[in-house]
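Notes follow once the structure below has been shown.
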2 protein chains.
Amino acid sequence: MITKAEKTKAFIIETVAPIFNKNGYAATSIADITKATGLTKGAIYGNFENKEQLAIAAFKFMVKSLMREIVKHMDKSDSPIEKLLLISDFYRNYYRYTNKMGGCPILNVGVDSNHQNTLLLEKVRTIIQRIQDQLATIIEEGIELGEISTEINAMYTAKRIDTMIQGAIFMAYTMDDDFYIQDTMNQIDKMINEELRA
Amino acid sequence: MITKAEKTKAFIIETVAPIFNKNGYAATSIADITKATGLTKGAIYGNFENKEQLAIAAFKFMVKSLMREIVKHMDKSDSPIEKLLLISDFYRNYYRYTNKMGGCPILNVGVDSNHQNTLLLEKVRTIIQRIQDQLATIIEEGIELGEISTEINAMYTAKRIDTMIQGAIFMAYTMDDDFYIQDTMNQIDKMINEELRA
DNA sequence: TTAGTAATATACCAATTGGTATATTTTAAG
DNA sequence: CTTAAAATATACCAATTGGTATATTACTAA
């Protein structure tokens with residue numbers, strides 16, 4: 001059964017996630033949180049142990065919804081090479097899409113938590129690792145199916161793609177220019193078609 | 001003549017720069033600053049208008065010393081294509097080098113200031129623009145000297161290289177793994193040799 | 001309807017925040 | 001050595017910080 005508190009908890013997370021994502025952990029106060037939710041400290045601390053645990057829940061929520069979207073998009077094809085192209089295609093809308101939630105949580109929390117919050121940094125690392133593993137798995141499947149050259153190192157290539165994507169996201173947000181993402185996705189497509197394809 | 005205050009000012013900036021870089025603007029308190037410098041609020045506010053101006057001075061200081069190093073390294077050759085290879089070579093030591101100062105100031109302040117501090121963000125943008133302009137100039141010189149293919153778009157290529165570098169820096173710091181930088185620099189070298197070269 | 005409990009609000013806490021006015025010390029010129 | 005000015009230290013400010021103990025309200029099962 002879904003209790004009142006569970007609904008409140010979900011509501012707090014949804015409301016607070018973009019605030020943490022935009023402002024960062026230290027620059028987000030409990031007052032910001034109560035103001036945005038319209039709730040009081042009692043409700044917040046009744047549902048979350050402390051600010052840190054709320055920030056972790058918010059990060060997980062953003063990543064989860066992001067991952068859901070990308071998997072949904074990716075599953076439009078069964079072909080590994082098509083899947084890779086669908087991933088870059090997903091990121092073509094990333095700037096517009098993530099602007100609503102205050103930017104890319106992986107980039108923002110990754111930088112924000114470094115030297116500052118061990119628990120959060122750990123969560124970011126886990127997510128990045130998972131993304132790269134999934135990318136590598138798709139590439140390996142492509143190799144097995146003969147779509148992708150056997151010369152390709154799946155993990156290296158996965159890391160390379162992920163690195164390019166994160167660079168593009170950083171540049172796009174810092175310079176407020178979607179070009180970086182579009183151009184990088186073109187480069188990744190080129191790489192898929194000209195280097196990966198068997 | 002070099003006054004006492006000028007020396008103190010420089011000392012404060014040097015001491016405080018890595019703290020701001022590591023912790024971010026909001027997470028760095030005036031108390032952190034007085035503790036690190038051994039000075040009091042009087043000395044800090046006697047030399048800087050406020051926390052924001054100090055953070056800006058600290059950012060400029062870090063970028064200036066970083067730029068000095070990269071230019072010094074780059075000037076080991078007169079050939080544009082060699083200059084490009086020397087840039088990627090410089091970044092091969094970037095992780096170790098910037099760890100001392102608490103990470104890459106462009107990445108850190110770029111992410112930290114977004115949605116938070118307009119003045120700082122503006123400084124970051126100016127620096128990124130300058131880096132890309134300088135990269136583009138080198139590429140153009142390479143084209144004029146016949147070292148680089150006339151097919152190459154200097155500004156696009158400059159942006160592409162810069163984007164890859166920033167992605168590598170983010171990944172290296174977030175995952176605490178220098179591999180991302182080394183691999184990306186290999187990729188950039190490959191790009192220079194196989195795509196740019198006339 | 002009522003009692004018990006779950007959920008939220010209120011009032012409060014010490015510590016810290018960025019910043020300032022003023023007192024004190026340090027410096028350099030005469 | 002003296003003195004004015006420059007530089008730094010001290011003491012203080014209201015506002016805000018994350019967090020808690022307790023009071024109040026909302027909900028649900030009997």
Side-chain angles (χ1 to χ4, degrees), chain A residues 1-59 109 112-113 115-121 123, chain B residues 1-59 109 112-113 115-121 123:
Chain A
M1 186 211 173
I2 197 164
T3 66
K4 181 93 189 297
E6 280 174 74
K7 272 200 282 184
T8 307
K9 201 166 179 174
F11 166 71
I12 294 170
I13 291 173
E14 286 168 39
T15 310
V16 144
I19 301 174
F20 269 118
N21 200 25
K22 258 186 261 181
N23 301 351
Y25 181 76
T28 303
S29 69
I30 304 295
D32 291 333
I33 288 160
T34 55
K35 206 196 287 178
T37 54
L39 295 169
T40 59
K41 288 191 177 189
I44 305 298
Y45 280 94
N47 286 287
F48 298 93
E49 195 190 331
N50 52 32
K51 189 183 158 185
E52 189 180 35
Q53 288 303 317
L54 176 52
I56 289 172
F59 174 70
V109 181
D112 189 56
S113 67
H115 299 110
Q116 286 289 116
N117 191 312
T118 318
L119 259 67
L120 268 172
L121 180 58
K123 303 297 169 196
Chain B
M1 183 214 179
I2 196 163
T3 65
K4 179 90 193 300
E6 280 174 76
K7 272 199 283 184
T8 307
K9 201 165 177 171
F11 166 71
I12 294 170
I13 292 172
E14 287 169 38
T15 310
V16 145
I19 301 173
F20 269 119
N21 199 26
K22 257 184 262 181
N23 302 351
Y25 181 77
T28 303
S29 69
I30 305 295
D32 292 333
I33 289 161
T34 55
K35 205 195 288 178
T37 54
L39 296 169
T40 59
K41 286 191 179 188
I44 305 299
Y45 280 94
N47 285 287
F48 298 93
E49 195 191 331
N50 52 32
K51 188 183 158 185
E52 189 180 34
Q53 288 302 318
L54 176 52
I56 288 172
F59 174 71
V109 181
D112 189 56
S113 67
H115 298 110
Q116 285 290 115
N117 191 312
T118 318
L119 260 66
L120 267 172
L121 179 58
K123 304 296 169 197

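Since this is a predicted model, take the numbers as computed values, not measurements. Naming convention: chains lettered A, B, ... in sequence-line order (proteins, then strands); numbering from 1 in each chain.
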For DNA chain C, which residues of residues 31-43 of chain B approach it to below 4.0 angstrom with any heavy atom?
B:Ala31, B:Lys41
Spatial distance of atom CD1 (A:Ile13) from atom CZ (A:Phe11) [nearest 0.5 Å]
11.5 Å
I would like to know whether A:Gln53 and A:Leu119 meet side chain to side chain contact (heavy atoms under 4.5 Å, CB included); could you show each step before the answer?
CA-CA 9 Å; A:Gln53 288 303 317; A:Leu119 259 67; 3.8 Å; yes
Is there a donor-acceptor pair under 3.5 Å between the side chain of B:Lys51 and the backbone N or O of B:Tyr25?
yes
Hey, are the side chains of A:Leu54 and A:Phe20 touching, using non-hydrogen atoms and a 4.5 Å cut-off?
yes
Any non-hydrogen side-chain atom of A:Leu121 less than 4.5 Å from a side-chain atom of A:Asn117?
no
d(CG, B:Leu54; P, C:dG19) in whole Å
10 Å
B:Asn117 CG - C:dG18 P separation (whole Å)
13 Å
Minimum-distance pair of heavy atoms, taken over all atoms of B:Ala58 and B:Ala17:
CB-CA, 3.7 Å
Rounded to whole angstroms, how far apart are CD on B:Glu49 and P on C:dG19?
9 Å
Value in whole Å for how far the P atom of C:dA7 lies from CZ of A:Phe11
17 Å
Counting heavy atoms from C-beta on, name the nucleotide in D:dT8, D:dG18, C:dG18 closest to the side chain of B:Tyr45.
C:dG18
Between NE2 on residue B:His115 and CG on residue A:Asn23, distance to nearest 0.5 Å
8.5 Å
Taken to the nearest whole Å, NZ/B:Lys7 to C1'/C:dT27 is 11 Å
Would you mind reading off the distance between A:Asn47 atom CG and D:dG19 atom C1', rounded to a whole angstrom?
15 Å
Measuring to OP1 and OP2 of C:dA7, would you say a side-chain N or O of A:Thr8 lies under 4.0 angstrom away?
no
What pairs of donor and acceptor atoms, side-chain ones from residues 37-46 of chain B against any protein atom, are under 3.5 angstrom apart with sequence neighbours left out?
from, atom 1, to, atom 2, distance (Å)
B:Thr37, OG1, B:Ile33, O, 2.7
B:Thr37, OG1, B:Thr34, O, 3.3
B:Thr37, OG1, B:Leu39, N, 3.2

To the nearest angstrom, how far is A:Lys51 atom NZ from D:dT20 atom P?
14 Å
Measuring from A:Asn47:CG to A:Thr8:OG1, what's the distance to the nearest 0.5 Å?
6.0 Å
Between atom CD1 in A:Ile44 and atom P in D:dT17, what is the gap in whole Å?
14 Å
Could you give the angle between the helix axes at the two ends of the helix from C:dT1-D:dA30 to C:dG30-D:dC1, with five pairs per end, rounded to 10 degrees?
10°
